[in-house]
Amino acid sequence: MIPAQFDYVAPTTLEEALSVLAQHGDDAKIIAGGQSLLPVLRMRLNAPEMVVDLGKIEALRGVRDDGDAIVVGAMTTHDEVLHDALVRDNAFVVIKAVELLADPQVRHRGTFGGALSHADPAGDLGAPCLALDAEFVVAGTGGERTVAADDFFVDLFDTAIEEGEILKEVRLPKRAGWGAHYEKFVRVAHQWPIVAVAAAVKVDGGTISEARVGLTNMGSTPLRARTVEQALVGQPATDEAVRAAAASAAEGTNPPSDLNGDADYRRHLVTVLTRRAVLAAAGA
Ligand SMILES: Cc1cc2nc3c(=O)[nH]c(=O)nc-3n(C[C@H](O)[C@H](O)[C@H](O)COP(=O)(O)OP(=O)(O)OC[C@H]3O[C@@H](n4cnc5c(N)ncnc54)[C@H](O)[C@@H]3O)c2cc1C
């Protein structure tokens, strides 16, 4: 279908974009890579009067080193993230997630910020952001605020970004000495994850001293597997110990049932993927 008619603007500064959003309220919609928004417009599930394209705002692009964190601009494409040395060296779990995200065409158009703002519960970037304790910098006409990853994902396709705000960048804390891995299960290549698990662990002398585990597609938002995290701490990084801790990975989840698998199947799958992700992160 052809989208309903809309006006279009492509500002070159964040301030200009925020001012257009303020002017149009909920009649305006941001477009980043368009990979999720365009299908929505074409199906007429949304019919904004004004589309604000962030593509010409250079300040929203790229990855920079900010001391104890690396900062990924919202308009950095998945492909740019995938080939960025700072991300590879400091947030390898993101690389593991992005290299399995969609196909090369989508990765060249879709953006890091667009995918996180869209907040699809099957999206691959939420769980790594939870596992890394990322911070989301959101800009509005009144200034900027920072939202912790645990507070960013509110519900299905809903985040802490308020009307008139723009996700500016995502801060990924450097975790020196931690290992990390993303384990994604799909039926066919380039598929959205049926379930996936992001794990970040610190191992001292063969014992897991800290652990963070994020789950993809196990509820209406990406989730932390806190029971697993607690069960891992103090355990040896062995298959037996990690398997025992991973057995509670489905606790507190509410996975969907669909053609790829029912909720019980996902509850089982998440324990298997958690074990694999944690062991790989621990280098065991
Ligand atoms: C065929 C196909 C396969 C895919 N497979 C996967 C997959 O396996 N895993 C996966 O994770 N994703 C997958 N995706 C989605 C992909 O990651 C998209 O890039 C992403 O969902 C949307 O990013 P975008 O930059 O295109 O955003 P857009 O489509 O432009 O925008 C998406 C939404 O976010 C809002 N938005 C965008 N940027 C901002 C911002 N900076 N601040 C506030 N709001 C903003 C928009 O208003 C819109 O509501 C797939 C997409 C396609 C088309």
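Positions are given from 1 along the sequence. It should be emphasised that the depicted structure is a prediction, and the values quoted were computed from it without experimental measurement. Order of appearance sets the numbers: ligands from 1, and atoms from 1 within every ligand. The figures here come from the full heavy-atom set of this structure, side chains too, leaving out hydrogens, waters and symmetry mates.
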- Query: Quick one: salt bridge (Lys or Arg N to Asp or Glu O under 4.0 Å) partners of Arg175, sequence neighbours excluded?
  - Reply: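 Arg175 satisfies salt bridge (Lys or Arg N to Asp or Glu O under 4.0 Å) with Asp133 only.
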
- Query: Quick check: are there more than 12 heavy atoms from other residues, nucleotides or ligands sitting under 6.0 Å from CG of Leu45?
  - Reply: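 Buried by this count: over 12 neighbours within 6.0 Å.
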
- Message: According to side-chain hydrogen bond (donor to acceptor under 3.5 Å, both in side chains), does anything in residues 99-115 pair up with another residue at least two apart or in another chain? List the pairs.
- Response: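 Qualifying pairs, neighbours excluded: Asp79-His108, Lys96-Glu99.
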
- Message: Below 30° counts as parallel, above 60° as perpendicular, anything between as tilted: where do the rings of Phe185 and Tyr265 land?
- Response: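 Answer is perpendicular, since the angle exceeds 60°.
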
- Salt bridge Lys174-Asp89, side-chain N to carboxylate O under 4.0 Å: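 Salt bridge: no.
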
- Any residue meeting side-chain contact (heavy atoms from CB on, under 4.5 Å) with Ala225, in chain and number order, not counting sequence neighbours: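 Listed in chain order: Val213, Leu215, Val228.
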
- Task: Give the protein residues with at least one non-hydrogen atom closer than 4.0 Å to an atom of ligand 1, ordered by chain and number.
- Result: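 Lys29, Ile30, Ile31, Ala32, Gly33, Gly34, Gln35, Ser36, Leu37, Leu54, Ala74, His78, Leu101, Ala102, Val106, Gly110, Thr111, Gly114, Ala115, Ser117, His118, Gly123, Asp124, Ile161, Ile166, Leu167, Lys184, Gln191, Trp192.
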
